[in-house]
Amino acid sequence: MKRRPSVGFWILVIVLTVVFVAPLLWMVITSFKSIGESQQAPPTLVPESPTGRAYGEVLTTGGQNPVLRWFFNSLVAASLHAGLVVLVASMAGYALARMEFRFKKAIFGVILLTLFVPGFVFLMPNYLLMDQLSWLDTLWALVVPGAAGAFGVFFMRQFFLALPRELEEVAMIDGANAWTVFTRIILPNAKPALATLTVLSFLANWNDFIWPLYVLFSPERLTLQPGLKLLQGAYTTDYPVIMTGATVASVPVLILYIFVQRYVIEGVANSGIKG
């Protein structure tokens, strides 16, 4: 017989919901305020005279701050980066989980050690590499670096270790080679892990602020995160415009999570520490 959740449990759920949802609601509400009302103290909970002026400024295709262009740049860069991460991590993770080769444990150990290296250490080497490849001020500078990150390889390896070997053995008995087993047997059974890694990689690239500042110089090539910083004036701050930009930036993330949340939960649950 299942126990019903206690009153204290529901109170905790409600409190946590308010804590996480309140900032989002405040962001959306402020985006419909006028500049003067957004600076009032104490602030108003509901706009006295709702206006869509901020959305008109943000969603315009031209002007000094092309937010839609930044949105498109972020969407392309984050999508390509997530796809590349999944491709590299799935192949490397499968090799480390199932294949036997010399120095496999040593290679995996080195990969794990890179998890403990602060990300800022790689800024200068990656910048010099992008310069040598003539990728500065292009979206490729946002897509390729980090595609072979240690976390993705480790995450996929742990998931592949949890899959029963019988799936591969039966396929090989039927004459399938290693590539066929990987693409037609392993990957279809790894959808939860692939979806989880896709979301995490997309979010990491979408929310990145420091790296785009280093490698992107032209205003039209900026992504949303550094671009939104330009919406803040030197002497005055247009809070409705800033909140509108933040609202626009949050939409793809929310939509992505809504569609793949089931796979994310399953992927995290099945990717335990093993081997």
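Quick note: residue numbers are just sequence positions, from 1. Values below: all heavy atoms of this structure, side chains included; hydrogens, waters and symmetry mates excluded.
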Partners passing side-chain hydrogen bond (donor to acceptor under 3.5 Å, both in side chains) against [X] (at least two apart in sequence or in another chain):
X      : value
Arg184 : none
Thr183 : none
Ser31  : Tyr55

Contacts of type salt bridge (charged side-chain N to carboxylate O under 4.0 Å, His left out), residue Glu168, not counting sequence neighbours
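Salt bridge (charged side-chain N to carboxylate O under 4.0 Å, His left out) check on Glu168 returns Arg98.
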Pairing residues for Glu48 by the salt bridge (charged side-chain N to carboxylate O under 4.0 Å, His left out) criterion, not counting sequence neighbours:
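Scan of Glu48 (salt bridge (charged side-chain N to carboxylate O under 4.0 Å, His left out), adjacent residues dropped) gives none.
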Side chain to side chain donor-acceptor pair (under 3.5 Å): which pairs involve residues 83-92, sequence neighbours left out?
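Matches after skipping sequence neighbours: none remain.
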Give me each pair satisfying side chain to side chain donor-acceptor pair (under 3.5 Å) with a member in residues 197-214, each pair once, sequence neighbours excluded.
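The answer is none; no pair qualifies.
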For Trp10, check ring pair (Phe, Tyr, Trp, His ring centres under 6.0 Å) against everything at least two apart and list the hits.
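Here no residue qualifies.
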Salt bridge (Lys or Arg N to Asp or Glu O under 4.0 Å): which pairs involve residues 109-128, sequence neighbours left out?
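Applying salt bridge (Lys or Arg N to Asp or Glu O under 4.0 Å) to every pair that reaches into residues 109-128, excluding sequence neighbours, yields nothing.
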Give me each pair satisfying salt bridge (Lys or Arg N to Asp or Glu O under 4.0 Å) with a member in residues 127-155, each pair once, sequence neighbours excluded.
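The answer is Asp137-Arg221.
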For residues 241-253, run the donor-acceptor check on the side chains, cut-off 3.5 Å, and write out each pair with its distance to 0.1 Å, sequence neighbours left out.
unit_1, atom_1, unit_2, atom_2, d
Thr244, OG1, Pro240, O, 2.7
Thr247, OG1, Met243, O, 2.8
Ser250, OG, Thr247, O, 2.8

If you link ILVMFWY side chains whenever their heavy atoms are less than 4.5 Å apart, which other residues fall into the same cluster as Val117? By chain and number, please.
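Val121, Phe122, all in the cluster of Val117.
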